[in-house]
Protein chains: 2
Amino acid sequence: MEQDTKSLIIDIATSLFQLKGYMGVGLTEIIKTCNISKGSFYHHFPNGKEELLIACLQSISDAITGDIKDFFERYPTAEEATKKMIEKLVDNFEREGTIAAYTFTSIVSEMGALSESVRNTCSALYIRMQEIYSAKLEADGFSKEAAASTALMMTATIEGGIILCLTQKVSDPLKIMSHELPKLLKKI
Amino acid sequence: MEQDTKSLIIDIATSLFQLKGYMGVGLTEIIKTCNISKGSFYHHFPNGKEELLIACLQSISDAITGDIKDFFERYPTAEEATKKMIEKLVDNFEREGTIAAYTFTSIVSEMGALSESVRNTCSALYIRMQEIYSAKLEADGFSKEAAASTALMMTATIEGGIILCLTQKVSDPLKIMSHELPKLLKKI
DNA sequence: GTCTATATAAAGATAGAC
DNA sequence: GTCTATCTTTATATAGAC
């Protein structure tokens, strides 16, 4: 089955941004990898590279929240779901040397100060993630407020853990998170 | 007292990188803000922009670890020191809209995949921070292993909290960290 | 140690034929 | 919807006078 040009561009660009960051990848490299011309590219993205970036961020965002939802539906408690989810991140990192969620962290760090729409897109993803965590924690018996605070802690800790793994090129940080985080997820 | 050109460049560049990221700031902008010429710049940094970046990272690294050490010497327990430290981050963010430690996160996200020496410099800072936390936790009575794990959690959580604050342009995430983190720092 | 002037490459974007 | 050719601006970096 043939993929249409627009989604081809999004897929290729997403993985290139993941590898080298937004500014680290030129349009020329993107269209070369896609085997298309500049004319074709600007037909699909009249507002250029930043429009493409937003499309990529939305595509990754859907993939990530889809993944998270799967885990939080499959396992009975937030604690178990979180453990399994982090195990998958570790697995991914050890096999491919990268983590999809990291692209977000990376790009909001790089572009958040320069582009409001990029910052908003990234902000929306963090909120979507927290909402999934929070709902499960409430189902586990947490109060609304406690669930929200804890969901925020989870998001921050996992994001931070991913950064440490990528920076130090080892998977230990996330592994340690996976047995430290549950301490916060037990209802007291 | 006159500042020598080299440290002037480092100071100016540091704050520009902080505002717009490494790739977001051109050499031309740096030298213009410094009121110097390209010739002068390359005299001090023969290997160009990346050499300057490393110098900036080292300078921020010293400032950050100095700050952290102050807190962890002044307050009797890791729990108190951490609380005060995060309060200062919040304060800084609310007054200036930025956080020094964020520059690191931002730059390692942007450049870590492209430059080994940048990645190594950032990795070294994270380790220095963890060592300070870890030493204090051991003094509080934690075992060597528990102290190391907890120090890692602190680092990740604070980094993640900073990212969330910057991405969402609100200080709530760090505020919540400051009363959630202590749960991890109490000896059981 | 600082300057001006220049080199060279690459970036993002556009025009207009097909 | 895709192409080639071109435009404009910007990037980092260098040469050589003072």
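Chain naming here is simple, since letters A, B, ... match the order of the sequence lines and numbering starts at 1 in each.
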Give the nucleotide from the list [options] with an atom nearest to the side chain of [X].
{"X": "B:Ile36", "options": "D:dC3, C:dC3, C:dT2", "result": "C:dC3"}
{"X": "A:Lys38", "options": "C:dC3, C:dA13, D:dT12", "result": "C:dA13"}
{"X": "B:Leu27", "options": "C:dT2, D:dC3, D:dA13", "result": "D:dA13"}
{"X": "A:Tyr42", "options": "D:dT2, C:dG12, C:dT2", "result": "C:dG12"}
{"X": "B:Thr5", "options": "C:dT14, C:dT2, D:dT2", "result": "C:dT2"}
{"X": "A:His44", "options": "D:dT2, D:dA13, C:dA13", "result": "D:dT2"}

Roughly how far, to the nearest 0.5 Å, is CE of A:Met23 from CG of B:Leu114? 12.0 Å
What does B:Gly48 touch in the nucleic acid at a heavy-atom separation under 4.0 angstrom: a base, only the sugar-phosphate, or nothing? sugar-phosphate
With a non-hydrogen cut-off below 4.0 angstrom, is B:Thr28 in contact with a base, only sugar-phosphate, or nothing? base
Any side-chain N or O of A:His43 below 4.0 angstrom from OP1/OP2 of D:dT2? no
What residues, two or more places apart in sequence or in another chain, satisfy side chain to side chain donor-acceptor pair (under 3.5 Å) together with A:Asp11? A:Gln3
Could you tell me the separation between the [atom1] atom of [X] and the [atom2] atom of [N], rounded to a whole number of Å?
{"X": "A:Lys6", "N": "D:dT2", "atom1": "NZ", "atom2": "C1'", "value": "16 Å"}
{"X": "A:Lys49", "N": "C:dA10", "atom1": "NZ", "atom2": "C1'", "value": "12 Å"}
{"X": "B:Met23", "N": "D:dT12", "atom1": "CE", "atom2": "P", "value": "10 Å"}
{"X": "B:Glu51", "N": "D:dA13", "atom1": "CD", "atom2": "P", "value": "10 Å"}
{"X": "B:Phe45", "N": "D:dT14", "atom1": "CZ", "atom2": "P", "value": "15 Å"}
{"X": "B:Lys32", "N": "C:dC3", "atom1": "NZ", "atom2": "C1'", "value": "16 Å"}
{"X": "B:Glu29", "N": "D:dT9", "atom1": "CD", "atom2": "P", "value": "18 Å"}
{"X": "B:Glu50", "N": "D:dA11", "atom1": "CD", "atom2": "C1'", "value": "15 Å"}

Side chains of A:Thr157 and B:Thr157: any donor to acceptor distance under 3.5 Å? yes
Under a plain distance cut-off of 3.5 Å, with no hydrogens placed, do B:Thr98 and B:Gln18 share a side-chain donor-acceptor pair? no
Tell me, yes or no, whether the heavy-atom count around A:Lys49 atom NZ, taken from other residues, nucleotides or ligands under 6.0 Å, exceeds 12. yes
